[in-house]
A.B. asks: 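One structure coming up, written as structure tokens, with questions to follow.
The first residue of the sequence shown is numbered 1, and numbering continues consecutively from there.
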Amino acid sequence: MNTDYTLKWVFQKIYALFILITITFTIYSVYNIEVINYQTVTSWFKSYLNSFSTLILFISIFLHSNIGINSIIDDYFHDQVFKEKLLLIKNFFFAVLLIITIFSIVRLLIK
């Protein structure tokens, strides 16, 4: 495998910055709403800014953790066939999570 670990490290730091910015915005915007009430939470998601920031937050979390788990797999698993199968399963798992997240946020937005 030809991988550029420096580029992955830079991307991981950029995703961490996105996570920091969007989690700060999300905490600030959720601070004054009643999160126990379902109607209030769904109305919070009806704002395009809130839905977009939540979507960016989750995408950044998925990409950041994908790079981290990829590094762990590269460091600790040495059998190439097993490593490729594990990476395929990991990528499938993250793709399914990303699709479910996008679908859920868009559904809350248009509901």
A.B. asks: If you measure from CD1 on I73 to NE2 on H78, what distance do you get to the nearest 0.5 Å?
C.D. replies: 12.5 Å
A.B. asks: Are Y31 and I27 grouped together when hydrophobic residues (ILVMFWY) are joined by side-chain heavy atoms under 4.5 angstrom apart?
C.D. replies: no
A.B. asks: How close do S60 and I19 get, counting heavy atoms only, and between which atoms?
C.D. replies: CB-CG1, 3.6 Å
A.B. asks: Before giving the answer on side chain to side chain contact (heavy atoms under 4.5 Å, CB included), spell out for W44 and I33 the whole-Å C-alpha distance, their side-chain angles and the decisive distance to 0.1 Å.
C.D. replies: CA-CA 8 Å; W44 183 83; I33 71 168; 3.9 Å; yes
A.B. asks: Could you go through T24 and Y28, starting from their C-alpha distance and side-chain angles, then the distance that decides it, and tell me whether this counts as side chain to side chain contact (heavy atoms under 4.5 Å, CB included)?
C.D. replies: CA-CA 6 Å; T24 303; Y28 177 74; 5.5 Å; no
A.B. asks: Under the criterion side chain to side chain contact (heavy atoms under 4.5 Å, CB included), I'd like the reasoning laid out for L87 against E84: C-alpha separation, chi angles, the key distance, then a yes or no.
C.D. replies: CA-CA 5 Å; L87 289 172; E84 288 175 2; 5.6 Å; no
A.B. asks: State, with a plain yes or no, whether a side-chain heavy atom of F62 is found less than 4.5 Å away from one of T101.
C.D. replies: yes
A.B. asks: From I100 CD1 over to F58 CZ, what is the distance, rounded to the nearest 0.5 angstrom?
C.D. replies: 12.0 Å
A.B. asks: Between N50 and S29, is there a side-chain heavy-atom distance shorter than 4.5 Å?
C.D. replies: yes
A.B. asks: Enter the distance from N66:CG to F11:CZ here, rounded to the nearest 0.5 Å.
C.D. replies: 13.0 Å
A.B. asks: Taking the side chain as every heavy atom from C-beta outward, state whether K85 and D79 have any atom pair closer than 4.5 Å.
C.D. replies: no
A.B. asks: Do any N or O atoms from the side chain of S71 and from the backbone of I67 form a donor-acceptor pair under 3.5 angstrom?
C.D. replies: yes
A.B. asks: What's the separation between atom CZ in F103 and atom CG in L108, rounded to the nearest 0.5 Å?
C.D. replies: 10.0 Å
A.B. asks: Under 4.5 Å between side-chain heavy atoms, hopping through other hydrophobics if needed: is there a path connecting I105 to F18?
C.D. replies: yes
A.B. asks: First locate atom CG of L97, then atom CD1 of I61, and finally report the distance between them rounded to the nearest 0.5 Å.
C.D. replies: 11.5 Å
A.B. asks: Using the rule that Ile, Leu, Val, Met, Phe, Trp and Tyr join whenever any side-chain heavy atoms are under 4.5 Å apart, tell me whether F52 and I23 fall into a single cluster.
C.D. replies: no
A.B. asks: Shared ILVMFWY cluster between Y48 and V106, side chains joined below 4.5 angstrom?
C.D. replies: no
A.B. asks: For I36, look at atom CD1 and say whether over 12 heavy atoms of other residues, nucleotides or ligands are found less than 6.0 Å away.
C.D. replies: no
A.B. asks: Between atom OG of S51 and atom CZ of R107, what is the distance when rounded to the nearest 0.5 Å?
C.D. replies: 14.0 Å
A.B. asks: Which atoms form the tightest heavy-atom contact between S53 and T26, and what is the distance?
C.D. replies: OG-OG1, 4.2 Å
A.B. asks: Using the side chain to side chain contact (heavy atoms under 4.5 Å, CB included) rule, pick out the option among L49, V30, I56, L57 that qualifies with F25.
C.D. replies: L49
A.B. asks: State, with a plain yes or no, whether a side-chain heavy atom of F94 is found less than 4.5 Å away from one of I69.
C.D. replies: yes
A.B. asks: Grab the two heavy atoms, one from D74 and one from K8, that are nearest each other, plus how far apart they are.
C.D. replies: OD2-NZ, 4.2 Å
A.B. asks: Give the minimum heavy-atom separation between I102 and L55, together with the two atoms involved.
C.D. replies: CG1-CD1, 3.7 Å
A.B. asks: What residue among L20, V10, L63 forms side chain to side chain contact (heavy atoms under 4.5 Å, CB included) with Y15?
C.D. replies: L63
A.B. asks: Take H64 and L17, measure what side chain to side chain contact (heavy atoms under 4.5 Å, CB included) needs, and give me the verdict at the end.
C.D. replies: CA-CA 10 Å; H64 180 84; L17 184 63; over 6 Å; no
